[in-house]
Novice: 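Can you read through this structure? Questions will come right after.
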Amino acid sequence: MDIDKLVDRILKDSKIDLAFETEPTQTVSKSVTENTPISGKDGVFDTVDEAVKAAKKAQKLYFHVSLARRKKVIQAIRDTLLPEIEEIARMGYEETNMGNLQDKIQKNYLALTNTPGVEDLNTLTQVLTGDDGMTLYELCPYGVIGAIAPSTNPTETLINNAIGMLAAGNAIYFSPHPGAKNSSACLIQKLNRIVSEASGIDNLIVTIKEPSIEAAQAMMVHPDINLLVVTGGPGVVSQAMKSGKKVMGAGAGNPPTLVDETANIEKAAVDIVDGASFDNNLPCIAEKNVVVVNKVADFLLYNMEKAGAFYVKELSDIKKLEALTVTAKQTPNKKYVGKSAEKILQDAGVSYNGHPRLVLVESTPDMPFAKIEMLMPVVPFIRVPDFDAALAVCLELEHGLHHTATMHSENVTRLNKVAREMQTSIFVKNGPSFAGIGFKGEGPTTFTIATPTGEGTTSARNFARVRRCVLTDGFSIK
Ligand code: NAD
């Protein structure tokens with residue numbers, strides 16, 4: 001049956017004003033369920049086509065519910081998942097075997113509590129009035145968003161994207177990483193049940209049982225997908241761009257941190273160790289290089305060791321680490337992505353004391369640890385003669401990705417210069433990198449930083465189309 005006709009019939013038959021402010025949701029849900037020819041339990045389908053079609057039908061219904069109802073949907077997600085957040089984090093952690101549980105809990109908690117909802121749409125609403133009437137710019141849903149999630153933040157990306165995309169009035173097809181398929185499917189089913197109960201509409205969030213690269217590519221070119229939001233490495237972002245659809249690409253980074261001689265070095269040391277070891281350096285925003293001017297390098301090192309870093313300077317040890325963590329193709333060895341500092345030191349055969357959470361490797365900018373996005377708590381420590389050299393190295397190592405950079409300095413002119421030159425989507429001054437996604441830093445949280453396509457730290461307003469609505473000769477009362 002034609003989906004559009006089906007939806008029209010449901011809307012007509014239900015005799016319900018979907019722009020409700022009261023509580024009629026179950027009736028709508030029943031109506032949808034009774035009429036649907038599509039199989040699938042709590043949003044998990046066998047095929048991409050079934051899932052996308054179900055989401056399309058759901059979005060058509062969702063478009064007609066009130067903003068008040070949308071807000072209730074978002075609130076229901078927050079309220080229902082809050083007591084389960086530790087369990088959700090644990091599922092992702094255990095399935096991917098990457099990162100560390102405490103930090104995963106923090107990340108999931110942040111995604112749930114600090115992702116903006118419907119209120120985010122108001123920030124870009126604009127009204128112009130004058131002699132010729134009124135023009136209104138409004139943010140409207142795209143329809144069905146195809147959202148691709150990474151293995152590094154599996155459940156946190158789903159929670160963050162679900163809140164933002166539903167707040168903007170969309171339905172979502174999630175394409176999780178195959179390495180996180182069970183935790184993702186479980187969370188998607190939970191989300192689906194919550195959203196279905198709060199909105200009265202089934203299948204606003206869908207996926208398939210067996211996610212794969214091939215299925216993700218089929219989804220990318222499905223005619224009923226209206227927008228692609230891709231969170232992952234460079235391969236998947238460029239693949240999505242071949243689809244001919246609008247893409248928000250949240251790709252890879254290699255964030256440097258610059259420390260100059262004016263910085264509060266004790267604080268910088270703690271901030272960098274905290275940021276670079278957070279979830280074993282899995283976040284794309286985490287410090288991946290330390291670039292420090294000579295004058296304060298030893299003092300920074302001393303304080304970073306105090307804060308939990310282990311310093312490796314012998315060439316033989318550096319070679320052991322490199323052999324373990326970098327492949328012949330100059331990519332990170334996946335076996336060690338997101339593993340702990342201790343596990344990496346042990347497997348490399350490098351002896352160490354205590355319980356370090358970060359490995360600092362004496363490096364030069366041409367070493368693989370420095371150039372490659374390693375996604376593990378093995379971070380180069382690079383000494384440079386002065387501030388200008390530091391900036392040059394940071395620019396080189398960031399590879400023009402414009403993703404994230406951090407800087408520790410009390411010199412405002414320099415802070416301004418680096419912010420301007422790096423042109424990164426996130427630039428954190430005198431703090432850990434995670435302050436840039438709202439953890440111990442002001443502002444909302446996102447796990448989708450759309451750098452190649454320029455949206456930066458995404459939220460509901462980015463998941464909506466801007467529409468211009470004009471009324472001539474009226475509504476100007478100036
Ligand atoms: P990945 O690129 O291997 O996979 C990401 C997603 O894309 C997965 O769902 C995967 O199944 C899919 N995928 C991969 N290649 C594909 C292809 N050719 N066609 C279709 N789908 C494909 O990345 P990962 O290892 O899961 O995550 C780490 C990467 O993601 C890092 O590079 C990190 O910087 C980046 N990342 C970026 C952000 C951001 O906001 N910018 C956030 C998190 C992670």
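Each ligand, and each atom within it, is numbered from 1 in the order the structure gives. Note that these values count all heavy atoms, side chains included, but never hydrogens, waters or copies made by symmetry.
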Novice: Which residue and atom name correspond to the protein heavy atom nearest atom 9 (O) of ligand 1, and how close is it?
Specialist: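 Of the protein heavy atoms, Ala149 O, 2.7 Å lies nearest.
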
Novice: Give the residue and atom name of whichever protein heavy atom lies nearest to atom 37 (C) of ligand 1, and the separation in Å to one decimal.
Specialist: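 Nearest protein contact, heavy atoms only, for atom 37 (C) of ligand 1 is Gly251 O, 3.2 Å.
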
Novice: Is there a donor-acceptor pair closer than 3.5 Å between any side-chain N or O of Asn280 and the backbone N or O of Gly99?
Specialist: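 Yes.
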
Novice: For atom 29 (C) of ligand 1, which of Pro255, Ala286, Gly233, Gly235 has the closest heavy atom?
Specialist: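 Closest candidate by heavy-atom distance is Gly233.
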
Novice: Can you name the atoms of ligand 1, numbered from 1 with element, that are less than 4.0 Å from a heavy atom of Cys284?
Specialist: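 Once the distances to Cys284 are compared, the set is 33 (C), 34 (O), 36 (N), 37 (C), 38 (C), 39 (C), 40 (O), 41 (N), 42 (C), 43 (C).
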
Novice: Nearest to atom 40 (O) of ligand 1, what protein heavy atom do you find, and at what distance?
Specialist: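 Protein heavy atom at minimum distance: Ile449 N, 2.6 Å.
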
Novice: Where the closest heavy atom to atom 32 (O) of ligand 1 is concerned, which of Lys181, Met219, Glu373 has it?
Specialist: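 That would be Glu373.
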
Novice: Test your reading of the structure: does Pro150 have an N or O sitting under 3.5 Å from an N or O of ligand 1?
Specialist: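 In fact, backbone or side chain, Pro150 has no N or O that close.
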
Novice: Within less than 4.0 angstrom of ligand 1, does Thr451 place any heavy atom?
Specialist: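 It does not; every heavy atom stays at 4.0 Å or beyond.
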
Novice: Suppose I only count heavy atoms of Ile148 and a 4.0 Å limit; which atoms of ligand 1 are within that range?
Specialist: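 Those of ligand 1 that fall under 4.0 Å from Ile148 are 6 (C), 7 (O), 9 (O), 12 (C).
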
Novice: Starting from atom 14 (C) of ligand 1, what is the nearest protein heavy atom, named by residue and atom, and what distance separates them?
Specialist: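 Answer for atom 14 (C) of ligand 1: Ile213 CD1, 3.6 Å.
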
Novice: Using a strict threshold of under 4.0 Å (side-chain N to carboxylate O), is an ion pair present between Lys53 and Asp224?
Specialist: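 Salt bridge between Asp224 and Lys53, a charged N being under 4.0 Å from a carboxylate O: no.
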
Novice: Just checking, is any N or O donor in the side chain of Lys267 or Asn430 under 3.5 Å from an acceptor N or O on the other one?
Specialist: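 Result is no, nothing qualifies.
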
Novice: Kindly say whether Asn462 contributes a backbone atom to a donor-acceptor pair with the side chain of Thr458 at under 3.5 angstrom?
Specialist: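 Pair absent, no side-chain N/O of Thr458 close to backbone of Asn462.
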
Novice: Indicate yes or no: does Arg193 engage Glu197 in a salt bridge with an N to O separation below 4.0 Å.
Specialist: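 So Arg193 does not pair with Glu197 through a salt bridge.
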
Novice: Got Leu258 and Val292 here, is their nearest side-chain heavy-atom distance under 4.5 Å?
Specialist: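 No, their side chains stay 4.5 Å or more apart.
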
Novice: Specify the protein heavy atom at minimum distance from atom 22 (C) of ligand 1: its residue, its atom name, and the distance to 0.1 Å.
Specialist: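 Nearest protein contact, heavy atoms only, for atom 22 (C) of ligand 1 is Val236 CG2, 3.3 Å.
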
Novice: For ligand 1, which atoms sit closer than 4.0 Å to a heavy atom of His403?
Specialist: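 Selected atoms, number and element: 39 (C), 41 (N).
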
Novice: Quick check: does any side chain N or O of Asp202 sit under 3.5 Å from a backbone N or O of Ser196, one acting as donor and the other as acceptor?
Specialist: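 Judged by distance alone, no pair lies under 3.5 Å.
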
Novice: Anything under 30° is parallel, anything over 60° is perpendicular, the rest tilted; go ahead and classify Phe439 against Phe278.
Specialist: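 Phe439 and Phe278: parallel rings.
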
Novice: Considering only protein heavy atoms, which is closest to atom 44 (C) of ligand 1, and at what distance to one decimal place?
Specialist: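 Checking every protein heavy atom, the shortest distance to atom 44 (C) of ligand 1 gives Thr152 OG1, 3.7 Å.
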
Novice: Check this for me - ligand 1, Pro234, N or O atoms closer than 3.5 angstrom, yes or no?
Specialist: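 Min N/O separation from ligand 1 is not below 3.5 Å for Pro234.
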
Novice: Going by heavy-atom distance to atom 26 (O) of ligand 1, choose the closest among Gly249, Pro176, Ser212, Ser151.
Specialist: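 Comparing heavy atoms across Gly249, Pro176, Ser212, Ser151, the nearest one to atom 26 (O) of ligand 1 lies in Ser151.
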
Novice: Compare all side-chain heavy atoms of Leu321 with those of Phe369 and state whether any distance is below 4.5 angstrom.
Specialist: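 Yes - at least one pair of side-chain heavy atoms lies under 4.5 Å apart.
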
Novice: So, does Ser238 use its side chain to make a donor-acceptor pair with the main chain of Gly235 at under 3.5 Å?
Specialist: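 Confirmed, Ser238 side chain pairs with Gly235 backbone.
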
Novice: Does NZ in Lys71 sit with more than 12 non-hydrogen atoms of other residues, nucleotides or ligands closer than 6.0 Å?
Specialist: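 Not more than 12 within 6.0 Å, no.
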
Novice: What atoms of ligand 1 come closer than 4.0 angstrom to any heavy atom of Gln239?
Specialist: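 Close to Gln239: 19 (N).
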
Novice: Should one rank Gly456, Ala240, Ala180, Pro178 by closest heavy-atom distance to atom 11 (O) of ligand 1, which comes out on top?
Specialist: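 Heavy atom nearest to atom 11 (O) of ligand 1 belongs to Pro178.
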
Novice: So, do Phe310 and Val350 sit near enough that their side-chain heavy atoms are less than 4.5 Å apart?
Specialist: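 Yes, close enough: below the 4.5 Å cut-off.
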
Novice: Within a distance under 4.0 Å of any heavy atom of Met220, pick out the atoms of ligand 1 and give their elements.
Specialist: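 Going through ligand 1 atom by atom, the ones under 4.0 Å from Met220 are 20 (C).
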
Novice: Are the charged groups of Glu362 and Arg383 less than 4.0 angstrom apart, N to O?
Specialist: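 Salt bridge between Glu362 and Arg383, a charged N being under 4.0 Å from a carboxylate O: yes.
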
Novice: Under 4.0 Å from a heavy atom of Ala250: give me the atoms of ligand 1 that qualify, with their elements.
Specialist: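 Counting from 1, the qualifying ligand atoms are 37 (C), 38 (C), 39 (C), 40 (O), 41 (N).
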
Novice: With heavy-atom distances below 4.0 Å as the criterion, list the atoms of ligand 1 near Asn153.
Specialist: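 In order of number, 43 (C).
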
Novice: Where on Ser175 is there a heavy atom closer than 4.0 Å to ligand 1, on the side chain, on the backbone, on both, or on neither?
Specialist: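 The answer is the backbone.
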
Novice: Just by distance, with hydrogens left out, do His355 and Glu342 show a side-chain donor and acceptor under 3.5 Å apart?
Specialist: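 Side-chain D/A pair, His355 to Glu342: present.
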
Novice: Please list the nearest protein heavy atom to atom 5 (C) of ligand 1 with its residue and the distance rounded to 0.1 Å.
Specialist: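 Here the nearest protein heavy atom works out to Gly232 CA, 3.7 Å.
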
Novice: Atoms of ligand 1 less than 4.0 Å from Ala216 heavy atoms?
Specialist: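 Numbered from 1, ligand 1 contributes 20 (C), 21 (N).
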
Novice: Can you check whether Ala460's main-chain N or O pairs, donor with acceptor, with Asp120's side chain at less than 3.5 Å?
Specialist: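 Side chain of Asp120 to backbone of Ala460, a donor-acceptor pair under 3.5 Å: yes, one is there.
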
Novice: Is it the side chain (CB and beyond), the backbone, both or neither of Thr448 that lies under 4.0 Å from ligand 1, heavy atoms counted?
Specialist: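 It is the backbone that gets close, since no side chain atom is under 4.0 Å.
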
Novice: Counting heavy atoms only, which of His177, Gln217, Lys242, Lys288 is nearest atom 20 (C) of ligand 1?
Specialist: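 Checking each option, the heavy atom nearest atom 20 (C) of ligand 1 is found in Gln217.
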
